[in-house]
Structures are given as structure tokens and as C-alpha cells.
Chemist: 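Take a look at this one; I'll ask things after.
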Amino acid sequence: MLTFATLALLLGGCNTPGPAFRGIDPVRISVRGDVFDVRVDGLKAQAMRLNTRWAPRLSAVAPQGVTAIEQVSGCRVRKKDGDAALLTARLDCGQQLVPLPRGHEYDCDVYESVGSLAQLTCQEVRY
């Protein structure tokens, strides 16, 4: 039987980044109803989905995760891997986008979508 302390420790790891992204402060961003903590380290990025969905497939969540990574990093996603909960990406920073400032939380809506590119309108969430 698990004690409360053990259970709390186990559940506390559910929102913990992988070893490659530890110590990097996340930027929280929501895109089309999905909420991500995005961490960027050079040409690598990680988007951890925080909201719940019933049995999502990667194909249903990946576009929002890629958009979140591109908005936070200011770079295009060159290659992605992962699952519906945790998406990792290799970045192409040759064509710089305008990154969102770090240390804030954002709520973004897709303004226009053409192919794999999307224009967003993002507002900082203030409590």
C-alpha cells in the first residue's frame, strides 16, 4: 500500500522535464485549448502538454505543440518526436521568428493557418 507521501512524490514527477531540460524555466502557453510548458535549450525544445484529453493521438496534439515551440523559441521546428503528452523537437533557427518573452504565461489563438504555418494572436495571462 502506498502512503500519501509516496503517492505525492510519484505524482510530483508528472510535470517534471526530462534530464536534458532540467533547470530550464518553462514558458506556459495555450494553443487552441491545449496548454504546454515549453523549454528551449539551444536547438532542442520540449513541449509538455498539461491539460487532459481523452485518449489523444499525437496527430491531434502535435500541431498545437509545434506551434507552441515555434512561438516560444522563435525558430521553426525541423523534426519532432514524442507522444501526445511530451513532444521534443529539433529546431531550425536560420529564419528567425519573433519569440515570446520568457517567464510569462500566454494564451494564443490561431489567426490564420496555411499548410503547416500558422499566425497566432497571443496575450499574456495576468492573474
Side-chain angles (χ1 to χ4, degrees):
M1 179 190 257
L2 293 175
T3 65
F4 178 74
T6 305
L7 186 60
L9 286 173
L10 290 173
L11 291 177
C14 293
N15 190 16
T16 303
F21 295 93
R22 287 213 175 106
I24 298 173
D25 290 331
V27 173
R28 184 157 294 169
I29 183 171
S30 65
V31 179
R32 288 189 176 166
D34 286 314
V35 180
F36 298 91
D37 270 357
V38 177
R39 292 172 173 85
V40 180
D41 185 19
L43 294 177
K44 299 181 297 179
Q46 178 185 71
M48 183 181 304
R49 190 172 53 82
L50 302 176
N51 61 299
T52 58
R53 272 192 178 197
W54 176 253
R57 292 196 168 120
L58 179 59
S59 61
V61 178
Q64 291 87 297
V66 166
T67 299
I69 289 171
E70 289 181 343
Q71 286 296 304
V72 172
S73 69
C75 301
R76 298 266 182 231
V77 170
R78 181 172 54 92
K79 182 179 178 184
K80 67 182 181 311
D81 190 26
D83 56 34
L86 184 66
L87 186 69
T88 56
R90 294 276 182 197
L91 303 175
D92 176 5
C93 295
Q95 179 186 359
Q96 285 287 316
L97 306 173
V98 178
L100 294 172
R102 307 244 171 142
H104 302 275
E105 185 175 332
Y106 300 93
D107 183 28
C108 300
D109 289 318
V110 175
Y111 175 70
E112 182 179 354
S113 181
V114 178
S116 64
L117 301 176
Q119 285 186 340
L120 300 180
T121 55
C122 297
Q123 293 183 329
E124 184 178 349
V125 176
R126 297 180 189 250
Y127 296 101

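Fair warning: this is a prediction, and the values are worked out from it, not measured in the lab. The residues of the chain are indexed from 1 along the displayed sequence.
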Chemist: Would you call Arg28 and Asp37 a salt bridge, taking side-chain N to carboxylate O under 4.0 Å as the test?
Modeler: yes

Chemist: Check whether Arg49 reaches the backbone of Asn51 with its side chain - one donor and one acceptor, N or O, closer than 3.5 Å.
Modeler: yes

Chemist: When rounded to the nearest 0.5 angstrom, what is the spacing between CD in Gln64 and CZ in Phe36?
Modeler: 6.0 Å

Chemist: If you take all heavy atoms of Ala47 and Gly65, which pair is closest and at what distance?
Modeler: CB-O, 4.2 Å

Chemist: CG of Asp81 to OG1 of Thr88: how many Å apart, nearest 0.5 Å?
Modeler: 5.0 Å

Chemist: Are Arg39 and Arg22 packed together at the side-chain level, in the sense that at least one heavy-atom pair is separated by less than 4.5 angstrom?
Modeler: no

Chemist: Tell me the closest heavy-atom pair linking Arg53 and Asp34, and the distance in Å.
Modeler: NH2-OD2, 2.9 Å

Chemist: Would a 4.5 Å heavy-atom cut-off, applied to side chains only, mark Arg76 and Glu70 as touching?
Modeler: yes

Chemist: Identify the two heavy atoms, one from Ala62 and one from Leu87, that lie closest to each other, and give their separation to 0.1 Å.
Modeler: O-CD2, 4.2 Å

Chemist: Hey, are the side chains of Phe21 and Lys44 touching, using non-hydrogen atoms and a 4.5 Å cut-off?
Modeler: yes

Chemist: Could you walk me through whether Lys80 and Val66 pass the side-chain contact (heavy atoms from CB on, under 4.5 Å) check?
Modeler: CA-CA 8 Å; Lys80 67 182 181 311; Val66 166; 3.6 Å; yes

Chemist: Side-chain contact test, heavy atoms from C-beta onward, threshold under 4.5 Å: evaluate it for Ile24 versus Val40 and give yes or no.
Modeler: no

Chemist: Please round to the nearest 0.5 Å and tell me the distance separating atom CD of Gln46 and atom CG of Leu86.
Modeler: 4.5 Å

Chemist: When you compare the side chain of Leu58 with that of Asp83, does any pair of heavy atoms fall below 4.5 Å?
Modeler: no

Chemist: Apply the side chain to side chain contact (heavy atoms under 4.5 Å, CB included) test between Ile29 and each candidate in Val38, Asp107, Thr67, Val125; give the one that qualifies.
Modeler: Val38

Chemist: Shortest non-hydrogen contact from Val61 to Pro56?
Modeler: CG2-CB, 3.8 Å

Chemist: Can you tell me how far CG of Asp92 sits from NZ of Lys79, rounded to the nearest 0.5 angstrom?
Modeler: 14.0 Å

Chemist: Rounded to the nearest 0.5 Å, what's the gap from CG on Leu43 to OG on Ser73? Could you check?
Modeler: 9.5 Å

Chemist: Testing the basics here: between Cys75 and Leu91, what is the closest heavy-atom pair and its distance to 0.1 Å?
Modeler: CB-CB, 4.0 Å

